[in-house]
Amino acid sequence: MMMKSHAISVLVNDQPGVLQRVSGLFGRRGFNIESITVGQSEEMGLSRMVIVTQGDDKTLEQIEKQLYKLIDVIKVVNLSSKPMVGRELALIKVKSEPAERPEIMGVVETFRAAVVDIGTNSMIVQVVGDTDKINAMIELLHPYGIRELSRTGVTAMIRGNA
Amino acid sequence: MSAHIPEVQSTDELRQKWMKPEIISGSEILLRSLLLEGVECVFGYPGGAVLYIYDALYGFTDFKHLLTRHEQGAIHAADGYARASGKVGVCIATSGPGATNTVTGIATAFMDSVPLVVITGNVVSSLIGTDAFQEADITGITMPITKHSYLVRDVEELPRVIHEAFHIANTGRKGPVLIDIPKDVSANKTLFQPGQSLKLRGYNPTVIPNRLQLDKLATAIQESERPVIIAGGGVVYSGAHEELLKFVTQTEIPVTTTLLGLGGFPSGNELWMGMPGMHGTYTANQAIQQADLLINIGARFDDRVTGKLDGFAPLAKIVHIDIDPAEIGKNVKADIPIVGDVKTVLELLNPLVSRSHKADAWRSKISEMKKNKPWKYIDSETELKPQWVIELLNDTTNGEAIVTTDVGQHQMWAAQYYRFNQPRSMITSGGLGTMGFGFPAAIGAQMAYPERLVISINGDGGMQMCAQELAICAINNIPVKIVVINNQVLGMVRQWQELIYEQRYSHIDLAGSPDFVKLAEAYGVKGLRASNKDEAKQVWQEAMDTPGPVLVEFVVCKGENVYPMVPQGSTIDQMLMGDSE
Ligand SMILES: Cc1ncc(C[n+]2csc(CCOP(=O)(O)OP(=O)(O)O)c2C)c(N)n1
């Protein structure tokens, strides 16, 4: 069986404990979570979670079915089954002596990332993009010394009118 | 002689009166709402966080409340009530230790899809999260073992929450729902308007199956040469026993019933093959392994049924009928998945199916197997054999009683040697296998049917896990016949140690058990004992003739094992047949 990464969008009632219900379900049934993001949806009282998980088709089917068993889950969509836009934001605090700055700025510009803070010997780079782009950015900044890294996890949507 | 259980006062007029909008406390709202949901009986135990609720219960006679001696007793009793009656069982416990004492019972009900509404108190809202006295995050603790749960923040929500909880518990795949009520919420007052609307967008169980799938199944039945039905708890829970009987009568497909399915199909029927799985019959297990069409009706392919999964029903096209879509494909891949309520599915299916002649040879093969490999054990004239005791109970009651069991060897013997002919007459913890369940569950079943004969079959180990509820039987004169099959050991564990752990009998000796007859008497329950067949017959007759509760201890031989047995990790046709072979 093929293990693949899947992004699943889950529309849930915005109730206390709902994140615990969803993440608890993944944990106890042995489903893996690569990342999970939660925030408001287009409708009052409903939140949208985007969960990136690894598994074969059978696991994915079980994940969807088990999620639907939760009373607070309203809709589950497997985003990866269709063309989708997936984006993640990362903040990277990178060591940068004044002499290295121009070099780092060069990397930042090529990636259309942004420098959002500069300290005496470090700066914070903000990058938005799909997971590959963020991985690449981190790799390029690595040689300078990454002091702190914080990623949001993926949020995603299907392209077009779907 | 009927029980001294408090009479329920509720009438339609009273119910109408309770519907009136009035400013009342959360506690009164709770009681009225329970009443409006049709609750007749509540099992509970008070404590600080539910004192407003118990205050409102003072003198309240519209439904019964039974004070058990342990919250575990209360929740198993509520469970037994629900399994016997098909209604929602209700249990009340206080915060913290009261609530955590219900956890085993909630998990038991969850595994077996039993509808319960569990009401727990919690500390006042402002103290939640501060590690206050008797605080436990019971909604958090029970999240994996409830169908849904509520922590009520505002008294205004209470009527809606209760209404939703009952709806969720008893529809779709049934299960326990927890309502956690902080103390201030049960004290606060508001205008009561009964909960009527349901706003559950994310909850729409599929009751009516897909027609195309039914047609596929009908065709598969016509084409099959070796069809088999596995019927599970879903048949009983959806009340589909008549439809199942009709289905089988029309198609003449051999049937095996799982532990929770016992009683869902009459054991006297020629096409019944007994129970499948670890302690199932030779015939049922062979039939499954040879089948070319396996129709699973409301069972969940538990590992105790399937044995080693690869190698299970290797030749069969699999049909899986279940109300819970997540069960389909979870353990065994289904070729024809059918999501829907079992009763509805069978109602729609019955007009489409008929007897297939292709399976004639198969039917004779099955009845041949049944004849050649019946249930049997080696009886003794000097010692009591536990199987013989179960047969005695069966013979004297004509299979008419409601039987609850605890967990262990006696449970399997009850499943094998008692003949269940009616749905909801076998009450046992299947999925979780909870020792301590059987006796309090019998109290619950008796509360549902005060006039019926309820027999609780226990081991000497499990009997000691909720024995304190003897008090409840005594004071309320609840006429449960409590059977203790005393083999002086943790029998089922002993069996595994004998067969799998090279007879290294580690910690199974129950020396130090009480004298069960005296234990019963200490609580004011009649106690009787038998050690041979004559005594057994006599004592059991005496128990049957005695109104009110009786505990009967049968002292049986120590080393008896449950056969057949499929060792874990084997396919179900690799059975140890035991000495009787
Ligand atoms: C609460 C709980 N603890 C432990 C077990 C494991 N267990 C299963 S059967 C069994 C032995 C039961 O012994 P007894 O009640 O004497 O019944 P018997 O098997 O002898 O009929 C045990 C300990 C269990 N099922 N439930």
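Every chain is numbered from 1, with letters handed out A, B, ... down the list of sequences.
Contacts of B:D324 with chain A are made by side-chain atoms alone, with heavy-atom separations under 4.5 Å and no backbone atom involved. In this structure, chain A has heavy atoms under 4.5 Å from both the backbone and the side chain of B:S149.
The neighbour count for A:K133 NZ, taken as heavy atoms of other residues, nucleotides or ligands under 6.0 Å away, is above 12. More than 12 heavy atoms of other residues, nucleotides or ligands sit less than 6.0 Å from atom CG of B:L198. Around CD of A:E34, the count of heavy atoms belonging to other residues, nucleotides or ligands within 6.0 Å exceeds 12. Other residues, nucleotides and ligands contribute over 12 non-hydrogen atoms within 6.0 Å of the CG atom of B:N204. A 6.0 Å sphere centred on NZ of B:K330 holds more than 12 heavy atoms belonging to other residues, nucleotides or ligands.
Atom CD of residue A:Q62 and atom CD of residue B:E327 lie 7.5 Å apart, to the nearest 0.5 angstrom. Between the CD1 atom in A:I71 and the OH atom in B:Y150 there is a gap of 7.0 Å [rounded to 0.5 Å].
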Query - Derivation and outcome, side-chain contact (heavy atoms from CB on, under 4.5 Å), residues A:K69 and B:R173 - result: CA-CA 9 Å; A:K69 284 178 72 167; B:R173 179 177 186 166; 3.7 Å; yes
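The candidate with the highest count of non-hydrogen atom pairs below 4.5 Å against chain A, out of B:P205, B:G172, B:P325, is B:P325. Across A:E64, A:E43, A:Q15, A:R29, the residue that shares the most heavy-atom pairs under 4.5 angstrom with chain B is A:E43.
The side-chain heavy atoms of B:R201 and A:L46, taken from C-beta on, include a pair separated by under 4.5 Å. In this structure, the side chains of A:R21 and B:H148 come closer than 4.5 Å at one or more pairs of heavy atoms.
Pairing each heavy atom of A:Q66 with each of B:A326, the nearest pair is NE2-CB, 3.6 Å. Shown here for B:G140 and A:Q20, the closest heavy-atom pair between the two residues is CA-NE2, 3.7 Å. The shortest heavy-atom contact between A:K65 and B:I328 is NZ-O, 2.9 Å.
Judged by distance alone, with hydrogens and angles left aside, the side-chain atoms of B:K147 form no donor-acceptor pair with the main-chain N or O of A:L70 at under 3.5 Å.
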